[in-house]
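Atoms considered below: every heavy atom in the structure, side chains included; atoms not considered: hydrogens, waters and symmetry mates.
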Amino acid sequence: MKSVRTTIAIVFAVLAGGAGHSQDVQPLSAGEVVKIELLVIATPIDGPSSDVGTADTNLAVGQTDTLNFAVGNTLCERTIGAHAPESASTSWRVGTRLISAEIDRIVLDVAIERRSGTEVYKEIRHVALTEGAPHIVDFVDANESDLRSCRIKNVVLQLSAAVVNSNTSPNQTLTFDLWLATRGSSGSGVAQLQRRIALAGDAAAFRFEPMRRRVATLTTMLREDVFGSVKGRLRPDGRADVSLSVSREFSDGQGGVGDRGGPKLFSAAIDEPVAIELPSPRGVMNVGPSAERVDLAEQFQGQVTEVIVVVHASTK
């Protein structure tokens, strides 16, 4: 692994325009599958929601499977995973077909069939999921008369998906050197480091130290926070597929505005930096005791902000 001092030199070379090139992430390789999970969440009338049932299946690209859930006379009578019993009041069949999969982007066709008495509802959805993020399948409310015998007010069905059975060692860890680098129109730059370690495929959260700048014509200092999460997996060719999510918030101590983008997916060589430029700030906020309106695009004109990612591989 390169030393921090060496990496600092690399980062400032990146600031001068010497960044490595990212590549597109790769789809699943042999030996990898996607775990599809159907989760049932129940909310009582007098307490917090909780998970009350799960069913899952593992799929390779092109494969299809169906997960089942049913409720009886009340929402307290539940069956998941097996075929719906004949006594079920309402039942769901959730068929999933895996279309494609790469780190943090899993594409599914989802066929939903809900039967309630003689009524049958069918729907087909084409969805793209971030790993582990929920997709709501359906929602059902209890009848008011049922609440006397069952305290469950409603039930939510949701799907999630994640890559499993990677060819890499289960003890494979990745170290991420994450640099927040800024430079102005003059070309001068500053940088700060966050180092995070995570198992391959697990997300690691990060938050940089706040940056502050004085707003033109005002005495107020504007605070900029940059934070997010990063995850990665090693590929058979020795590179790493990376998912980087970055959020920015601007505030003056009284209020603020923020930007939260989706994950940036890319492939990077081990030990080499890849620079991801953040979008220019946008929006208008009221700043200072006089609540003066400040245009963020004008305030940050000419400033470039990048998160530079360096991935190191090691085994526990």
Side-chain angles (χ1 to χ4, degrees), residues 1-2 20 22-39 51 54-63 65 67 96-108 110 127-135 158-179 194-207 227-247 260-274 276 307-316:
M1 183 184 298
K2 290 182 171 66
S22 63
Q23 297 181 5
D24 292 337
V25 297
Q26 286 188 339
L28 291 184
S29 60
E32 290 182 319
V33 296
V34 170
K35 178 181 179 181
I36 311 296
E37 182 178 70
L38 179 66
L39 175 66
D51 303 346
T54 60
D56 60 70
T57 184
N58 289 343
L59 300 179
V61 172
Q63 290 184 333
D65 202 357
L67 301 171
T96 56
R97 177 179 176 84
L98 181 60
I99 304 302
S100 64
E102 54 194 30
I103 189 169
D104 259 357
R105 182 173 171 80
I106 297 172
V107 180
L108 302 169
V110 181
V127 298
L129 301 179
T130 299
E131 290 189 67
H135 175 78
Q158 67 181 39
L159 276 180
S160 63
V163 177
V164 295
N165 292 355
S166 173
N167 287 322
T168 58
S169 164
N171 294 323
Q172 179 70 59
T173 60
L174 297 176
T175 298
F176 300 93
D177 282 347
L178 302 162
W179 294 87
Q194 292 274 298
R195 173 167 285 179
R196 293 292 182 264
I197 300 174
L199 288 172
D202 287 352
F206 63 87
R207 178 179 285 272
F227 56 95
S229 65
V230 63
K231 71 170 66 171
R233 287 194 182 89
L234 289 182
R235 295 182 355 184
D237 63 3
R239 295 175 66 87
D241 283 339
V242 180
S243 172
L244 176 71
S245 296
V246 181
S247 297
R260 298 176 184 270
K264 171 71 174 178
L265 310 180
F266 59 93
S267 172
I270 297 299
D271 296 335
E272 295 298 327
V274 173
I276 304 299
V307 174
I308 301 166
V309 182
V310 187
V311 184
H312 311 288
S314 60
T315 303
K316 286 185 177 178

Closest heavy-atom pair and its distance - [X], [Y]:
{"X": "Val61", "Y": "Ser100", "value": "CG2-CA, 4.3 Å"}
{"X": "Val230", "Y": "Leu178", "value": "CG1-CD1, 4.0 Å"}
{"X": "Ala55", "Y": "Leu67", "value": "O-CD1, 3.8 Å"}
{"X": "Leu234", "Y": "Ala313", "value": "CD1-CB, 4.1 Å"}
{"X": "Ala268", "Y": "Val274", "value": "CB-CG2, 3.6 Å"}
{"X": "Val34", "Y": "Ala161", "value": "CG1-CB, 3.9 Å"}

inquiry  = How long is the straight-line distance from OG of Ser267 back to CD1 of Ile103, given to the nearest 0.5 Å?
reply    =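 Here the rounded value is 10.0 Å.
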message = Working to the nearest 0.5 angstrom, can you tell me the gap between Gln194 CD and Phe206 CZ?
response =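 Here the rounded value is 8.5 Å.
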Sub-4.5 Å side-chain heavy-atom contact between [X] and [Y]:
{"X": "Leu159", "Y": "Thr96", "result": "yes"}
{"X": "Asp177", "Y": "His312", "result": "yes"}
{"X": "Leu59", "Y": "Asp65", "result": "yes"}
{"X": "Val242", "Y": "Val311", "result": "yes"}

message = Walk me through whether Val164 and Asn58 qualify under side chain to side chain contact (heavy atoms under 4.5 Å, CB included).
response = CA-CA 8 Å; Val164 295; Asn58 289 343; 4.2 Å; yes
ask   = What pairs with Glu131 under salt bridge (charged side-chain N to carboxylate O under 4.0 Å, His left out), at least two apart in sequence or on another chain?
value =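 Glu131 satisfies salt bridge (charged side-chain N to carboxylate O under 4.0 Å, His left out) with Arg233 once adjacent residues are dropped.
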message = Could you go through Leu244 and Val309, starting from their C-alpha distance and side-chain angles, then the distance that decides it, and tell me whether this counts as side chain to side chain contact (heavy atoms under 4.5 Å, CB included)?
response = CA-CA 9 Å; Leu244 176 71; Val309 182; 3.9 Å; yes
request  = Could you tell me whether Lys231 and Asp202 make a salt bridge, using a distance below 4.0 angstrom between a side-chain N and a carboxylate O?
outcome  =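 Looking at Lys231 and Asp202, the cut-off is not met.
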key: Test log, rule side chain to side chain contact (heavy atoms under 4.5 Å, CB included), inputs Glu102 and Asp241   = CA-CA 8 Å; Glu102 54 194 30; Asp241 283 339; 5.8 Å; no
key: Ala269 backbone acceptor or donor facing Glu272 side chain under 3.5 Å   =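 Checked: no pair found.
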message = Taking Thr130's backbone N and O only, do any of them form a donor-acceptor pair with Arg105's side chain (distance below 3.5 Å, no angle check)?
response =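 No.
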query = Just checking, any donor-acceptor pair under 3.5 angstrom between side chains of Arg196 and Thr175?
reply =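 Their side chains do not contain a donor-acceptor pair, so the 3.5 Å distance test is not met.
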key: Identified side-chain contact (heavy atoms from CB on, under 4.5 Å) partner of His135 from the options Val110, Leu108, Leu129   =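 When Val110, Leu108, Leu129 are each tested with His135, the side-chain contact (heavy atoms from CB on, under 4.5 Å) holds only for Leu129.
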ask   = Yes or no on side chain to side chain contact (heavy atoms under 4.5 Å, CB included) for Asp51 and Leu39, after CA distance, side-chain angles and deciding distance?
value = CA-CA 7 Å; Asp51 303 346; Leu39 175 66; 3.7 Å; yes
